[in-house]
Structures are given as C-alpha cells and as structure tokens.
Amino acid sequence: MTPMVKAEGVHKSYGAAHILKGIDLEVNNGEVFCLIGPSGSGKSTFLRCINHLEKINSGRLYVDGELVGYRQKGDKLYELKDSEVAAQRRDIGMVFQRFNLFPHMTALANVMEAPIQVKGESKAVARERAERLLDRVGLADKAGNYPSQLSGGQQQRVAIARALAMEPKLMLFDEPTSALDPELVGDVLDVMRDLAESGMTMVVVTHEMGFAREVGDSLVFMDGGVVVESGHPREVLSNPQHDRTKAFLSKVL
C-alpha cells in the first residue's frame with residue numbers, strides 16, 4: 001500500500017532559523033495521524049509543507065505516491081508551476097486555527113465557492129453537496145447565516161464543510177480548536193471524530209490529548225524540528241519513553 005503521506009529527510013529553514021531538521025514519517029491511508037509538541041517545534045510548518053504552502057529546502061514529500069510541489073528528473077528537482085501545485089492542492093483539504101471564511105458570504109455560499117470556482121461545478125451540484133455537508137456538521141439550520149452571525153465553533157465547522165466540499169483524499173488540521181472557547185471545542189471534535197470513523201485520512205496538529213488518545217491511530221511528538229518519539233497514541237501518552245516527551249506531557253495532561 002502506498003502511504004498517503006511520506007516524508008523523507010524534510011528540512012525547512014527561514015533564513016538562519018532551521019525549523020524542520022530531517023523529518024521522516026509515513027501516514028497510511030485511512031489513518032488519523034496526530035502531531036503534538038510545544039509551540040515552535042515545527043508541527044504547523046510541517047503540515048503546511050504537505051500541501052506546499054511552505055516550500056521545503058531539502059528532502060522529499062509525497063502525497064499518495066506523488067511528489068509534492070516538484071518534478072524529479074534524474075537527481076534534480078524542478079518546481080512545479082503554480083497551476084500544477086494548485087491542482088495537487090485540490091485533493092488536500094486544510095482547516096486552519098483561524099477559520100478564514102469569506103465574511104461577505106453565507107455559510108452555504110462559503111461551502112459552495114471552491115467547487116464552482118476551482119472545479120467548474122454547476123451551482124445546483126455545489127449547492128446540493130454544500131447543504132449535505134452543512135447537515136453533516138450539524139449546521140443545516142445556519143446555511144443562510146453570515147460568519148459574523150456564527151460562534152467560533154460554528155465557523156470552524158463551516159470551514160471543515162468547506163474543505164470537504166472539494167472531496168479531498170487527505171485532510172490537514174492545524175490546531176483546529178485552539179482559537180475556540182472551551183465549551184465550543186466538543187462540537188468541532190465530534191465532527192472530526194465522525195470524519196475519522198468514515199475513513200478519512202487525517203493529519204492533525206493538536207493540543208487535545210483526549211482526542212489523540214481516543215481517535216488517533218498514530219502519534220508523533222515533535223520538538224526542536226525533529227521527531228522525538230512516535231507510536232500508538234495510548235502508548236506514547238501513558239508510557240512515554242523519552243525524557244523530553246515525559247516533561248512535555250507532565251505539563252499538558
């Protein structure tokens with residue numbers, strides 16, 4: 001089986017700041033893969049490299065067997081055109097910490113927009129799917145509301161529906177609950193739990209250890225741009241082997 005995500009020696013720097021220092025990992029098809037670690041450890045940067053929102057400096061990143069952002073000829077890599085990168089991104093949904101909804105569009109229009117503009121779908125087809133997805137995330141009654149009329153948790157669920165509207169084969173979540181009031185977190189995690197049960201491949205940067213333990217299939221603890229420890233979430237969270245992992249978990253569990 002081809003892994004859905006494969007990273008080989010991935011490095012990323014911003015000037016003199018070396019953020020990712022040789023990341024090697026694999027995410028299998030249908031897996032919920034959780035990334036945890038302190039702020040500044042490189043988790044979100046790595047997530048953004050998966051869909052080429054950030055360009056890696058060296059190494060290789062593959063999604064479903066296809067090299068991301070580059071074409072290889074011999075030993076050399078050649079960067080893809082913007083249009084080719086955009087085509088790759090169609091298969092990768094991403095949900096950010098901040099919801100990034102279009103404020104002048106209703107929830108329904110936000111979910112319809114990308115399939116119409118990017119895939120050229122008819123409004124009727126896009127509307128039918130958007131209505132179905134809003135129902136799936138528990139917001140069928142909010143289809144006509146604008147983002148300013150929704151709570152943070154509701155906006156994040158619309159953002160998830162919007163990402164799903166492109167029918168991706170991979171979903172990336174960058175701390176999707178970190179900007180939410182605590183009482184709103186559960187509804188978003190319930191939607192993600194439902195997605196996981198449906199077999200969606202998910203890479204989740206999270207501070208929600210309960211979610212990682214219950215829903216995750218694999219967990220990686222990152223610190224200082226490297227993978228410190230990895231394994232099944234319950235194993236790593238209940239019996240960490242590395243002193244750095246133990247120190248981190250002692251503060252968050």
Side-chain angles (χ1 to χ4, degrees), residues 1-80 85 88-89 91-92 94 168-175 196 200-207 209 212-213 215-237 239-249:
M1 288 286 288
T2 301
M4 182 57 75
V5 179
K6 185 174 184 178
E8 298 178 342
V10 170
H11 287 257
K12 172 65 182 176
S13 297
Y14 299 104
H18 198 176
I19 308 300
L20 300 176
K21 303 172 183 175
I23 302 294
D24 295 295
L25 56 79
E26 291 187 5
V27 180
N28 293 318
N29 203 6
E31 187 173 30
V32 179
F33 191 97
C34 297
L35 289 166
I36 67 169
S39 296
S41 59
K43 311 181 302 296
S44 293
T45 298
F46 176 70
L47 202 71
R48 292 169 66 84
C49 289
I50 292 175
N51 64 357
H52 207 58
L53 287 175
E54 299 287 354
K55 300 175 184 179
I56 64 176
N57 296 105
S58 62
R60 302 283 189 278
L61 254 174
Y62 301 88
V63 170
D64 203 17
E66 186 178 355
L67 194 60
V68 173
Y70 299 92
R71 180 182 296 106
Q72 184 161 345
K73 288 185 179 178
D75 293 335
K76 289 192 175 182
L77 290 182
Y78 298 89
E79 192 162 0
L80 297 179
V85 173
Q88 289 185 329
R89 286 200 192 113
D91 292 328
I92 306 171
M94 186 156 187
K169 56 190 175 187
L170 170 66
M171 284 285 284
L172 310 177
F173 292 87
D174 188 8
E175 297 187 31
M200 175 63 74
T201 309
M202 299 160 61
V203 182
V204 185
V205 174
T206 187
H207 293 298
M209 300 302 158
R213 182 186 285 109
V215 182
D217 298 299
S218 297
L219 182 143
V220 157
F221 171 65
M222 286 179 64
D223 190 29
V226 300
V227 172
V228 176
E229 189 163 344
S230 62
H232 191 277
R234 288 178 189 161
E235 288 284 324
V236 175
L237 294 174
N239 188 29
Q241 300 299 301
H242 197 284
D243 287 343
R244 184 65 191 93
T245 317
K246 292 175 185 175
F248 173 77
L249 293 176

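Owing to the predicted nature of the structure, the values given are computational and were not obtained by experimental measurement.
- Of the options L53, V203, I50, a side chain to side chain contact (heavy atoms under 4.5 Å, CB included) to M94 is made by L53 and by none of the others.
- A heavy-atom distance below 4.5 Å is not found between the side chains of H52 and Q88.
- Interatomic distance, K169 NZ to I92 CD1, rounded to the nearest 0.5 Å: 7.5 Å.
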* To do: List the steps, then state whether side-chain contact (heavy atoms from CB on, under 4.5 Å) holds for I23 with M222.
  => CA-CA 10 Å; I23 302 294; M222 286 179 64; 3.8 Å; yes
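- Across D64 and T2, no two heavy atoms sit closer than the pair C-CG2, 3.9 Å.
- Using a 4.5 Å heavy-atom threshold, the side chains of V228 and F248 count as separate.
- In this structure, V220 and S230 have side chains that are in contact, with non-hydrogen atoms separated by less than 4.5 Å.
- Contact record, D217 with G30: OD2-O, 4.1 Å, taken as the closest heavy-atom pair.
- Geometrically, K43 does not engage F46 in a cation-pi contact defined by less than 6.0 Å to the ring centre and at most 45° from the axis.
- Side-chain contact check for V63 versus N51: every heavy-atom pair is 4.5 Å or farther apart.
- Note that OG1 of T245 is 4.0 Å distant from CD of E229, once rounded to the nearest 0.5 Å.
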Per-pair distances, 0.1 Å, donor-acceptor, side chain in residues 68-75, under 3.5 Å, sequence neighbours excluded:
residue, atom, partner, partner atom, Å
R71, NH2, E84, OE2, 2.7
Q72, OE1, R60, NE, 3.0
Q72, NE2, G74, O, 3.1

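- Of the inter-residue distances, the one linking L219 atom CG with M209 atom CE reads 7.5 Å to the nearest 0.5 angstrom.
- Expressed to the nearest 0.5 Å, how far OH of Y14 lies from CG of N57 amounts to 9.0 Å.
- When all heavy atoms of A212 and P233 are compared, the closest pair comes out as O-CB, 3.2 Å.
- For K55, the salt bridge (Lys or Arg N to Asp or Glu O under 4.0 Å) test picks out E79, with sequence neighbours left out.
- Within a 6.0 Å sphere centred on CD of E8, other residues, nucleotides and ligands contribute more than 12 heavy atoms.
- For the pair L249/F221, no side-chain contact is recorded, criterion being any heavy-atom separation below 4.5 Å from C-beta on.
- The side-chain hydrogen bond (donor to acceptor under 3.5 Å, both in side chains) contacts involving residues 25-39 comprise N29-T201, E31-S218, where partners must be two or more places apart or lie in separate chains.
- The two residues S44 and D174 have their closest heavy-atom pair at OG-OD1, 2.6 Å.
- G9 and D24 make their closest contact through N-OD1, 2.7 Å (heavy atoms, listed as atom of the first residue, atom of the second, distance).
- F173 is not listed as a side-chain neighbour of T206, based on a closest heavy-atom distance of 4.5 Å or more.
- Counting only heavy atoms from C-beta outward, the side chains of V215 and M202 never approach each other to under 4.5 Å.
- From M4, atom CE reaches atom CE of M200 across 9.0 Å, with rounding to the nearest 0.5 Å.
- Taking CD from E175 and CG from L35, the interatomic distance works out to 10.5 Å, rounded to the nearest 0.5 Å.
- You'll find the side chain of H11 stays beyond 4.5 Å of the side chain of L20, heavy atoms only.
- When all heavy atoms of I56 and C49 are compared, the pair lying nearest together is CG2-SG, 3.6 Å.
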